[in-house]
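Worksheet for the structure shown next.
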2 protein chains.
Amino acid sequence: MKNKPIEVTARCPIRTTLELVGGKWKLIILQQLISHEELRLSELKILIPDISEKMLIQELKTLKISDLVNRINYGEVPPRVGYRITEKGRNAQFLIDEMVHFARSYEE
Amino acid sequence: MKNKPIEVTARCPIRTTLELVGGKWKLIILQQLISHEELRLSELKILIPDISEKMLIQELKTLKISDLVNRINYGEVPPRVGYRITEKGRNAQFLIDEMVHFARSYEE
DNA sequence: CAGGATCCTTTACGATACTG
DNA sequence: CAGTATCGTAAAGGATCCTG
(Lines give C-alpha, C1' and ligand atoms only; values in the text may rest on other atoms or scores of the structure.)
Protein backbone atom coordinates (compact mmCIF):
# COMPACT_ATOMS: atom_id res chain seq x y z
CA MET A 1 0.00 0.00 0.00
CA LYS A 2 1.06 3.52 -0.68
CA ASN A 3 1.48 5.89 2.20
CA LYS A 4 -0.84 8.68 3.23
CA PRO A 5 -2.67 11.20 1.02
CA ILE A 6 -0.27 13.08 -1.15
CA GLU A 7 -2.44 16.08 -1.83
CA VAL A 8 -1.23 17.91 1.23
CA THR A 9 2.41 18.27 0.31
CA ALA A 10 2.17 17.30 -3.32
CA ARG A 11 2.92 20.46 -5.27
CA CYS A 12 5.66 21.62 -2.97
CA PRO A 13 8.33 23.71 -4.72
CA ILE A 14 11.07 21.93 -2.83
CA ARG A 15 9.99 18.68 -4.39
CA THR A 16 9.74 20.28 -7.79
CA THR A 17 13.32 21.45 -7.55
CA LEU A 18 14.45 18.08 -6.30
CA GLU A 19 12.85 16.44 -9.31
CA LEU A 20 14.56 18.87 -11.65
CA VAL A 21 18.07 18.95 -10.26
CA GLY A 22 18.13 16.31 -7.53
CA GLY A 23 20.54 13.43 -7.49
CA LYS A 24 24.26 13.17 -7.46
CA TRP A 25 25.18 14.72 -10.78
CA LYS A 26 22.74 17.20 -12.29
CA LEU A 27 23.97 20.24 -10.40
CA ILE A 28 27.59 19.35 -11.04
CA ILE A 29 26.89 19.16 -14.75
CA LEU A 30 24.92 22.40 -14.72
CA GLN A 31 27.73 24.12 -12.88
CA GLN A 32 30.19 23.22 -15.60
CA LEU A 33 27.85 24.29 -18.37
CA ILE A 34 27.16 27.58 -16.60
CA SER A 35 30.83 28.42 -16.47
CA HIS A 36 31.86 27.22 -19.91
CA GLU A 37 29.59 28.59 -22.65
CA GLU A 38 29.65 25.30 -24.55
CA LEU A 39 31.02 21.88 -23.81
CA ARG A 40 31.29 18.62 -25.67
CA LEU A 41 30.68 15.27 -24.11
CA SER A 42 34.36 14.45 -24.05
CA GLU A 43 35.13 17.74 -22.34
CA LEU A 44 32.54 17.12 -19.66
CA LYS A 45 34.05 13.72 -19.04
CA ILE A 46 37.36 15.38 -18.30
CA LEU A 47 35.86 18.10 -16.13
CA ILE A 48 33.88 15.55 -14.12
CA PRO A 49 36.29 12.63 -14.05
CA ASP A 50 34.39 10.43 -11.65
CA ILE A 51 31.07 10.33 -13.45
CA SER A 52 30.32 7.28 -15.53
CA GLU A 53 29.64 7.81 -19.18
CA LYS A 54 26.22 6.30 -18.81
CA MET A 55 25.20 8.72 -16.10
CA LEU A 56 26.63 11.69 -17.94
CA ILE A 57 24.65 10.95 -21.08
CA GLN A 58 21.54 10.00 -19.16
CA GLU A 59 21.55 13.15 -17.05
CA LEU A 60 22.22 15.36 -20.05
CA LYS A 61 19.21 13.83 -21.72
CA THR A 62 17.03 14.47 -18.69
CA LEU A 63 18.28 18.03 -18.39
CA LYS A 64 17.52 18.63 -22.04
CA ILE A 65 13.98 17.35 -21.60
CA SER A 66 13.57 19.71 -18.65
CA ASP A 67 14.87 22.50 -20.88
CA LEU A 68 17.74 23.26 -18.55
CA VAL A 69 20.32 22.33 -21.17
CA ASN A 70 20.48 22.62 -24.94
CA ARG A 71 22.02 20.06 -27.22
CA ILE A 72 23.55 21.28 -30.47
CA ASN A 73 24.26 18.71 -33.12
CA TYR A 74 26.61 20.11 -35.73
CA GLY A 75 25.85 17.23 -38.06
CA GLU A 76 29.49 16.71 -38.85
CA VAL A 77 31.45 13.55 -39.19
CA PRO A 78 33.03 12.52 -36.97
CA PRO A 79 30.07 13.53 -34.79
CA ARG A 80 30.32 16.87 -33.08
CA VAL A 81 27.80 17.77 -30.41
CA GLY A 82 27.79 20.71 -28.03
CA TYR A 83 25.92 21.28 -24.81
CA ARG A 84 24.91 24.68 -23.57
CA ILE A 85 23.07 25.95 -20.55
CA THR A 86 19.63 27.40 -21.24
CA GLU A 87 18.11 30.48 -19.71
CA LYS A 88 16.17 28.37 -17.26
CA GLY A 89 19.27 26.38 -16.49
CA ARG A 90 21.24 29.46 -15.68
CA ASN A 91 18.95 30.09 -12.73
CA ALA A 92 20.59 27.13 -11.07
CA GLN A 93 23.52 29.45 -10.45
CA PHE A 94 21.77 30.95 -7.44
CA LEU A 95 20.98 27.54 -6.12
CA ILE A 96 24.57 26.43 -6.49
CA ASP A 97 25.80 29.60 -4.81
CA GLU A 98 23.57 28.87 -1.85
CA MET A 99 24.77 25.31 -1.63
CA VAL A 100 28.35 26.49 -1.61
CA HIS A 101 27.46 29.01 1.05
CA PHE A 102 25.69 26.37 3.11
CA ALA A 103 28.65 24.00 2.95
CA ARG A 104 31.06 26.76 3.92
CA SER A 105 29.11 27.99 6.90
CA TYR A 106 28.55 24.40 7.98
CA GLU A 107 32.25 23.73 8.10
CA GLU A 108 33.01 26.45 10.62
CA MET B 1 36.65 -0.99 -10.84
CA LYS B 2 36.04 2.46 -9.51
CA ASN B 3 35.92 5.34 -11.91
CA LYS B 4 38.56 8.00 -12.44
CA PRO B 5 40.61 9.86 -9.80
CA ILE B 6 38.37 11.59 -7.32
CA GLU B 7 40.88 14.15 -6.12
CA VAL B 8 39.90 16.67 -8.75
CA THR B 9 36.32 17.21 -7.72
CA ALA B 10 36.44 15.55 -4.35
CA ARG B 11 36.05 18.35 -1.81
CA CYS B 12 33.46 20.18 -3.80
CA PRO B 13 31.03 22.16 -1.65
CA ILE B 14 28.11 21.09 -3.80
CA ARG B 15 28.83 17.50 -2.90
CA THR B 16 29.22 18.38 0.75
CA THR B 17 25.80 19.96 0.78
CA LEU B 18 24.32 17.02 -1.07
CA GLU B 19 25.71 14.69 1.55
CA LEU B 20 24.25 16.80 4.33
CA VAL B 21 20.78 17.51 3.00
CA GLY B 22 20.47 15.44 -0.16
CA GLY B 23 17.78 12.90 -0.72
CA LYS B 24 14.03 13.06 -0.79
CA TRP B 25 13.23 14.06 2.77
CA LYS B 26 15.90 15.94 4.71
CA LEU B 27 15.04 19.40 3.43
CA ILE B 28 11.34 18.81 3.92
CA ILE B 29 11.96 17.84 7.53
CA LEU B 30 14.27 20.78 8.10
CA GLN B 31 11.70 23.11 6.63
CA GLN B 32 9.10 21.98 9.15
CA LEU B 33 11.50 22.26 12.05
CA ILE B 34 12.58 25.71 10.95
CA SER B 35 9.02 26.96 11.00
CA HIS B 36 7.81 25.24 14.16
CA GLU B 37 10.16 25.79 17.08
CA GLU B 38 9.72 22.24 18.32
CA LEU B 39 8.00 19.18 16.93
CA ARG B 40 7.34 15.68 18.15
CA LEU B 41 7.62 12.64 15.96
CA SER B 42 3.86 12.27 15.78
CA GLU B 43 3.48 15.87 14.73
CA LEU B 44 6.06 15.51 11.98
CA LYS B 45 4.18 12.48 10.72
CA ILE B 46 1.09 14.61 10.33
CA LEU B 47 2.91 17.50 8.70
CA ILE B 48 4.61 15.19 6.23
CA PRO B 49 1.91 12.61 5.63
CA ASP B 50 3.60 10.73 2.83
CA ILE B 51 6.86 9.92 4.57
CA SER B 52 7.25 6.47 6.00
CA GLU B 53 7.91 6.20 9.69
CA LYS B 54 11.15 4.42 9.01
CA MET B 55 12.47 7.22 6.81
CA LEU B 56 11.36 9.89 9.22
CA ILE B 57 13.19 8.34 12.14
CA GLN B 58 16.20 7.46 10.04
CA GLU B 59 16.56 10.94 8.58
CA LEU B 60 16.10 12.60 11.96
CA LYS B 61 18.90 10.45 13.28
CA THR B 62 21.18 11.43 10.40
CA LEU B 63 20.32 15.09 10.82
CA LYS B 64 21.10 14.88 14.49
CA ILE B 65 24.49 13.33 13.81
CA SER B 66 25.20 16.16 11.37
CA ASP B 67 24.17 18.60 14.09
CA LEU B 68 21.44 20.09 11.98
CA VAL B 69 18.75 18.96 14.39
CA ASN B 70 18.56 18.53 18.15
CA ARG B 71 16.71 15.75 19.89
CA ILE B 72 15.27 16.50 23.32
CA ASN B 73 14.22 13.57 25.44
CA TYR B 74 11.98 14.72 28.27
CA GLY B 75 12.38 11.40 30.03
CA GLU B 76 8.70 11.13 30.73
CA VAL B 77 6.41 8.21 30.46
CA PRO B 78 4.75 7.77 28.09
CA PRO B 79 7.83 8.84 26.12
CA ARG B 80 7.98 12.45 25.08
CA VAL B 81 10.64 13.55 22.61
CA GLY B 82 11.01 16.87 20.84
CA TYR B 83 12.99 17.83 17.78
CA ARG B 84 14.40 21.30 17.20
CA ILE B 85 16.40 22.92 14.48
CA THR B 86 19.97 23.82 15.41
CA GLU B 87 21.86 26.95 14.49
CA LYS B 88 23.59 25.14 11.66
CA GLY B 89 20.30 23.70 10.57
CA ARG B 90 18.69 27.09 10.36
CA ASN B 91 21.09 28.01 7.58
CA ALA B 92 19.14 25.63 5.39
CA GLN B 93 16.50 28.33 5.25
CA PHE B 94 18.43 30.19 2.58
CA LEU B 95 18.86 27.01 0.60
CA ILE B 96 15.17 26.25 0.79
CA ASP B 97 14.30 29.79 -0.22
CA GLU B 98 16.47 29.42 -3.30
CA MET B 99 14.89 26.11 -4.18
CA VAL B 100 11.46 27.65 -3.94
CA HIS B 101 12.62 30.52 -6.08
CA PHE B 102 14.12 28.15 -8.62
CA ALA B 103 10.94 26.13 -8.88
CA ARG B 104 8.84 29.27 -9.27
CA SER B 105 10.93 30.83 -11.99
CA TYR B 106 11.12 27.48 -13.74
CA GLU B 107 7.37 27.22 -13.94
CA GLU B 108 6.92 30.44 -15.90
C1' DC C 1 4.56 7.52 21.90
C1' DA C 2 8.83 6.75 19.98
C1' DG C 3 11.43 3.82 17.70
C1' DG C 4 13.99 -0.91 16.68
C1' DA C 5 14.23 -4.84 13.53
C1' DT C 6 13.20 -7.11 9.44
C1' DC C 7 12.08 -7.94 4.82
C1' DC C 8 11.14 -6.32 0.41
C1' DT C 9 10.79 -3.26 -3.90
C1' DT C 10 12.49 0.31 -6.54
C1' DT C 11 15.60 3.45 -8.13
C1' DA C 12 20.24 5.22 -8.70
C1' DC C 13 24.36 4.36 -10.22
C1' DG C 14 28.39 1.94 -12.49
C1' DA C 15 31.21 -1.27 -15.84
C1' DT C 16 31.67 -2.81 -20.16
C1' DA C 17 30.89 -4.13 -24.94
C1' DC C 18 29.29 -2.46 -29.12
C1' DT C 19 27.77 0.91 -33.23
C1' DG C 20 27.25 4.72 -37.01
C1' DC D 1 33.09 11.10 -31.06
C1' DA D 2 28.90 10.41 -29.18
C1' DG D 3 26.33 7.70 -28.09
C1' DT D 4 23.14 2.69 -27.27
C1' DA D 5 22.36 -1.66 -24.97
C1' DT D 6 22.89 -4.67 -21.34
C1' DC D 7 23.98 -6.38 -17.10
C1' DG D 8 25.06 -5.99 -12.43
C1' DT D 9 25.55 -3.78 -7.71
C1' DA D 10 24.49 -0.59 -4.18
C1' DA D 11 21.71 2.57 -2.01
C1' DA D 12 17.25 4.60 -1.15
C1' DG D 13 12.98 4.04 0.28
C1' DG D 14 8.69 1.59 2.06
C1' DA D 15 5.49 -1.92 4.71
C1' DT D 16 4.95 -4.38 8.63
C1' DC D 17 5.54 -6.32 13.04
C1' DC D 18 7.34 -5.75 17.57
C1' DT D 19 8.81 -3.43 22.21
C1' DG D 20 9.58 -0.44 26.56
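Note that this is a predicted model, so its numbers are computed, not measured. Chain identifiers are assigned alphabetically (A, B, ...) following the order of the sequence lines, protein sequences preceding nucleic acid strands; residue numbering begins at 1 within each chain.
- Going from atom CD1 of B:Ile57 over to atom P of D:dA15 covers 14 Å, rounded to whole Å.
- Between B:Glu59 atom CD and D:dA11 atom P the separation is 15 Å, expressed in whole Å.
- Nearest nucleotide to the B:Ser52 side chain, out of D:dA15, C:dG14, D:dC1: D:dA15.
- One can place CG of A:Leu60 at 16 Å from P of D:dC1, the figure rounded to the nearest angstrom.
- Rounding to whole angstrom units, CD1 of residue A:Ile48 and P of C:dG14 are separated by 12 Å.
- Among the nucleotides C:dC13, D:dG14, C:dA2, the one closest to any side-chain atom of B:Val81 is C:dA2.
- The nearest whole Å value for the distance from the CH2 atom in B:Trp25 to the C1' atom in D:dA12 is 12 Å.
- Nearest nucleotide to the B:Ser42 side chain, out of C:dC13, D:dA2, C:dA2: C:dA2.
- Residue B:Arg80 is out of contact with every strand shown, counting any heavy-atom pair closer than 4.0 Å.
- Residue A:Leu41 has its side chain nearest to D:dA2 when only D:dA2, D:dT4, C:dT6 are considered.
- Distance from the side chain of B:Lys24 is smallest for D:dG14 among the nucleotides D:dG20, D:dG14, D:dA2.
- Minimum atom distance to the side chain of A:Arg40 is reached by D:dC1, of the listed C:dC13, D:dG13, D:dC1.
- When the nearest nucleotides of DNA chain C are assigned to A:Pro79 and A:Gly23 by heavy-atom distance, the more 5′-ward of the two goes with A:Gly23.
- Checking C:dG3, D:dC1, D:dG13 against the side-chain heavy atoms of B:Lys54 singles out D:dG13 as nearest.
- One finds the CG atom of B:Leu20 at 5.5 Å from the CZ atom of A:Phe102 (value rounded to the nearest 0.5 Å).
- Remark: B:Glu37 CD is loosely packed, at most 12 non-hydrogen atoms of other residues, nucleotides or ligands lying under 6.0 Å away.
- In this structure, CD on B:Gln93 lies 11.0 Å from CG on B:Leu27, to the nearest 0.5 angstrom.
- With contacts defined as side-chain heavy-atom distances shorter than 4.5 Å, the pair B:Arg104/A:Thr16 does not qualify.
- To the nearest angstrom, P of D:dA5 lies 14 Å from CD of A:Glu53.
- Rounded to whole angstrom, the span from the CD1 atom of A:Ile51 across to the P atom of C:dA12 amounts to 14 Å.
- Between the CD atom in A:Gln31 and the CE atom in A:Met99 there is a gap of 10.0 Å [rounded to 0.5 Å].
- From B:Thr86, atom OG1 reaches atom CG of B:Asn70 across 6.0 Å, with rounding to the nearest 0.5 Å.
- When distances are taken from the side chain of B:Lys61 to each of C:dG14, C:dC1, C:dG4, the shortest belongs to C:dG4.
- Between D:dT6, C:dA2, D:dG3, one nucleotide has an atom nearer to the side chain of A:Tyr83 than all others, and that is D:dG3.
- Phosphate proximity of D:dC1 to A:Lys45: absent, as no side-chain N or O sits under 4.0 Å from OP1 or OP2.
- In this entry the distance linking CG of B:Leu44 with C1' of C:dC1 reads 13 Å, nearest Å.
- With C:dC1, C:dC13, D:dG3 as the choices, the nucleotide that has an atom nearest any side-chain atom of A:Arg71 turns out to be D:dG3.
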